[in-house]
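Note sheet for the following structure.
Note that the structure is a prediction, hence the values are computed from the model and not measured. Residue numbering restarts at 1 for every chain, and letters A, B, ... go by the order of the sequence lines. Scope of the values below: all heavy atoms of this structure, side chains included, with no hydrogens, waters or symmetry mates.
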Number of protein chains: 2
Amino acid sequence: MAPRAKQEQLPPPTTPVSMADLARELGVSMTTISRALSDHHSIGPATKQKVQKLAKKLNYQPNHLAAALRKGKSKLLGVIVPYIEGRFFPSVVHGIESAASKAGFSVIICQSNEDAAHERKNIETLLSAQVAGILVSVARTTNDFRHFEKVRKRGIPLVFFDRTMDNDAVNSVVLNDWKGGYQSTKHLIDQGCRRIAHFAGLQHLNIYRNRRQGYLDALHDAGLPQDEELIVYSDMTMEEGADAMRRLLALPNPPDAVFSAGDSSVLGALQEVKRQGLRVPQDIALAGFSNEAFTSITEPMLTSVDQRCEEMGQATVRLFLELIDSAGGAYTQRQVVLQPELFVRESSLHGANSK
Amino acid sequence: MAPRAKQEQLPPPTTPVSMADLARELGVSMTTISRALSDHHSIGPATKQKVQKLAKKLNYQPNHLAAALRKGKSKLLGVIVPYIEGRFFPSVVHGIESAASKAGFSVIICQSNEDAAHERKNIETLLSAQVAGILVSVARTTNDFRHFEKVRKRGIPLVFFDRTMDNDAVNSVVLNDWKGGYQSTKHLIDQGCRRIAHFAGLQHLNIYRNRRQGYLDALHDAGLPQDEELIVYSDMTMEEGADAMRRLLALPNPPDAVFSAGDSSVLGALQEVKRQGLRVPQDIALAGFSNEAFTSITEPMLTSVDQRCEEMGQATVRLFLELIDSAGGAYTQRQVVLQPELFVRESSLHGANSK
DNA sequence: TTGTAGGCGTTATCAT
DNA sequence: ATGATAACGCCTACAA
């Protein structure tokens with residue numbers, strides 16, 4: 001752990017080369033340099049060549065800061081996520097970075113740590129950095145949205161992804177969580193399940209409200225009763241999933257399936273079911289949400305809803321780009337809705353060996 | 001997928017408030033404003049109050065770009081990773097962002113996509129963004145390191161993490177991969193294994209070279225023969241792990257254990273072993289590397305070496321901060337080495353039910 | 001304790 | 001086709 005230091009001395013840093021240096025060297029004006037480098041039409045091909053060659057030779061690096069200051073618009077894109085862990089947010093960020101860099105934008109990443117105050121600070125930081133836009137997935141504890149207002153007042157494009165505001169007067173890219181919940185529940189019903197429990201997340205967040213509603217609607221459409229006793233609200237960790245499963249199995253009339261709004265909790269449930277010597281899916285079928293990597297390595301493998309993480313990142317950037325392209329961009333509000341995909345796996349397939 | 005647009009018109013953006021605005025409003029000079037806001041000692045408490053109150057009221061946001069341009073030093077920190085997926089890199093980035101933001105730095109993140117050319121572009125981008133430093137984990141295909149030289153020539157602190165250059169004339173934070181390999185192999189030997197195979201990564205990268213060497217040294221120290229037939233080189237995907245396992249099990253004299261330099265491949269191996277009806281660890285013991293989340297949910301759970309991802313991120317930032325603090329910072333080369341931790345789980349524990 | 005003025009590197013306007 | 005010049009917002013000698 002203790003750093004080991006070397007004593008060799010390196011040569012002193014070379015000062016960066018600026019346009020003024022190139023201009024002096026070639027005996028032309030800075031205007032010419034600037035235009036030659038940005039491939040302006042009013043510069044002779046000969047001059048253009050000369051300038052660009054010298055730039056390479058002297059290792060000229062444009063100073064984006066200066067350009068941004070002058071133009072009033074940077075090529076920085078701010079991203080705020082609750083945290084960078086698990087499968088979802090890293091994948092979305094992956095998608096965002098790829099799409100953004102393709103469009104010439106650099107991505108500044110901030111974590112709100114699921115904390116509203118931190119999120120407010122992130123906004124300030126990004127505004128100070130003069131970002132060209134902000135992409136955000138709101139913290140779980142955020143219920144005052146005034147800091148986002150400030151962004152819009154400044155005319156800076158703001159796009160929400162996945163976790164958004166109640167209000168739909170915003171730009172957002174979300175999954176059709178309702179449909180995910182509906183499909184998954186319907187699938188369980190189609191497999192013959194009649195008493196389906198639900199692990200629900202905090203109803204504060206749009207995503208968990210919608211997944212629950214999809215579940216309820218699927219039950220309703222199938223003429224099945226909606227039983228609040230079968231809905232367990234929690235943060236949906238593995239432990240909470242196991243606990244919830246234990247409680248449900250202890251009921252006089254236990255469920256024959258669980259649709260969980262998260263994968264961790266359904267994993268906990270799976271382990272609990274196995275601990276009790278019951279079989280999945282024969283005794284109880286399971287379906288989760290997020291299509292985490294581990295869903296295809298458990299035994300049995302877990303049915304889950306894929307959230308299209310990477311597409312979400314790309315779609316979010318695309319929407320941002322549309323906003324800055326269209327003149328009045330910041331004044332419109334668009335909602336992009338991605339379609340979930342249900343991955344049916346062993347944990348919910350009664351198949352031939354029926355029930 | 002089709003964006004739905006709202007037509008409500010929002011008020012036009014307000015122009016950002018600058019120091020000049022505050023100065024005009026209060027009838028004082030910009031110097032006073034600047035100093036009051038940065039809490040300079042030579043400003044009267046009364047004035048300071050007034051200025052700061054007005055700043056809040058008018059919603060003044062400092063322009064970091066302008067400050068950076070003026071001072072020649074930004075509060076931006078560049079990070080280059082091969083990709084943002086799996087467990088390792090997101091966790092490291094998580095650690096980096098937390099530590100950096102605590103020190104007042106914003107993180108610009110770039111992906112090299114394991115491609116050297118892309119990595120070079122990333123460097124250019126970051127230099128143009130005038131970052132205060134660059135933290136990098138090199139792409140798998142990088143074998144020409146001249147683009148990093150350019151960074152150092154500019155006097156910009158450069159810190160490698162995890163994947164570094166051969167040469168140790170750099171600043172770096174790495175795991176003691178040798179020790180991870182050694183401990184893991186020794187553990188298998190202690191469990192009674194005598195013919196231990198190794199899934200090795202590309203020897204191009206320091207980390208895989210070192211893990212392999214640890215493996216070899218542990219065998220040597222235990223007086224066991226080193227058999228190249230038992231070492232399989234690959235990219236260590238799940239499929240490659242399964243393939244390798246199949247080949248090893250088909251040997252006239254198959255191994256009784258595998259130490260893999262990665263978790264995915266050992267997972268593939270586990271599945272293959274089970275497919276063949278053999279038992280883990282009784283017939284063959286398994287140990288991996290990275291302590292991926294799934295290692296504790298497989299059956300049996302997988303022994304693995306933890307890489308201290310988050311600490312690595314924090315240590316990398318800490319080293320960067322030391323470099324900019326010490327005047328001649330960019331001229332020294334320090335190596336920080338983190339100690340791995342072996343998580344022993346069922347896949348390698350012969351325990352009571354011996355062999 | 002406060003004010004004046006110049007400049008960081010770039011781009012845009014206006015002239016040549 | 002090219003040049004001179006001002007300005008973006010901030011910081012910091014240097015003056016007062």
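- In this structure, CD of A/Gln61 is placed 15 Å from C1' of C/dT10, rounded to the nearest angstrom.
- Proximity note for A/Arg35 (side chain, C-beta onward) versus C/dT10, C/dG3, C/dT13: the nearest is C/dT13.
- A sub-4.0 Å separation between OP1 or OP2 of C/dT11 and a side-chain N or O of A/Ser34 is present.
- C/dG9 atom C1' lies 9 Å from atom CD of B/Gln130, rounded to whole Å.
- Few gaps surround NZ on B/Lys48; more than 12 heavy atoms of other groups in view lie less than 6.0 Å from it.
- Atom NZ in B/Lys73 sits about 13 Å away from atom P in C/dG9, given to the nearest Å.
- Under 3.5 Å, the side chain of A/Thr47 and the base of D/dA1 form no donor-acceptor pair of N or O atoms.
- Rounded to whole Å, the distance from OH on B/Tyr60 to P on D/dG9 is 10 Å.
- Side chain of B/Asp144 to main chain of B/Arg146: a donor-acceptor pair is present (N/O by atom type, distance under 3.5 Å, no hydrogens or angles).
- Judged by atom type and distance alone, B/Thr31 reaches the base of C/dT4 through a side-chain donor-acceptor pair under 3.5 Å.
- Separating the CE atom of B/Met30 from the P atom of D/dC14 is a distance of 19 Å, rounded to the nearest angstrom.
- Note on B/Ser42: a base of the nucleic acid sits closer than 4.0 angstrom, heavy atoms only.
- No side-chain N or O of A/His40 forms a donor-acceptor pair with one of A/Ser38 less than 3.5 Å apart.
- C/dT10 atom P lies 10 Å from atom NE2 of A/His64, rounded to whole Å.
- Nearest nucleotide to the A/Arg70 side chain, out of C/dG3, D/dT2, C/dT11: C/dT11.
- Heavy atoms of B/Pro16 sit nowhere under 4.0 angstrom from any nucleic acid atom.
- Residue-level contact check: A/Gly72 touches neither bases nor backbone, having no heavy atom under 4.0 Å from any strand.
- Judged by distance alone, the side chain of B/Glu119 and the main-chain N or O of B/Val138 form no donor-acceptor pair under 3.5 Å.
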### Message
Using side-chain hydrogen bond (donor to acceptor under 3.5 Å, both in side chains), reason through A/Thr32 and A/Ser29 one step at a time and then give a plain yes or no.
### Response
CA-CA 5 Å; A/Thr32 305; A/Ser29 81; 3.2 Å; yes
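- Within 4.0 Å (heavy atoms only), B/Ile43 reaches sugar-phosphate atoms of the nucleic acid but no base atom.
- Taking only side-chain atoms of B/Thr32, from C-beta outward, the nucleotide of C/dT11, C/dG9, C/dT2 with the closest atom is C/dT2.
- Distance CD1 (B/Ile33) to P (D/dT12): 16 Å, rounded to an integer number of Å.
- Between A/Ser18 and C/dC8, a side-chain N or O to OP1/OP2 separation shorter than 4.0 Å is absent.
- Listed candidates were D/dC10, C/dA12, C/dC8. Nearest to the side chain of A/Lys71 is C/dA12.
- A/Leu127 has its CG atom 15 Å from the P atom of D/dG9, to the nearest Å.
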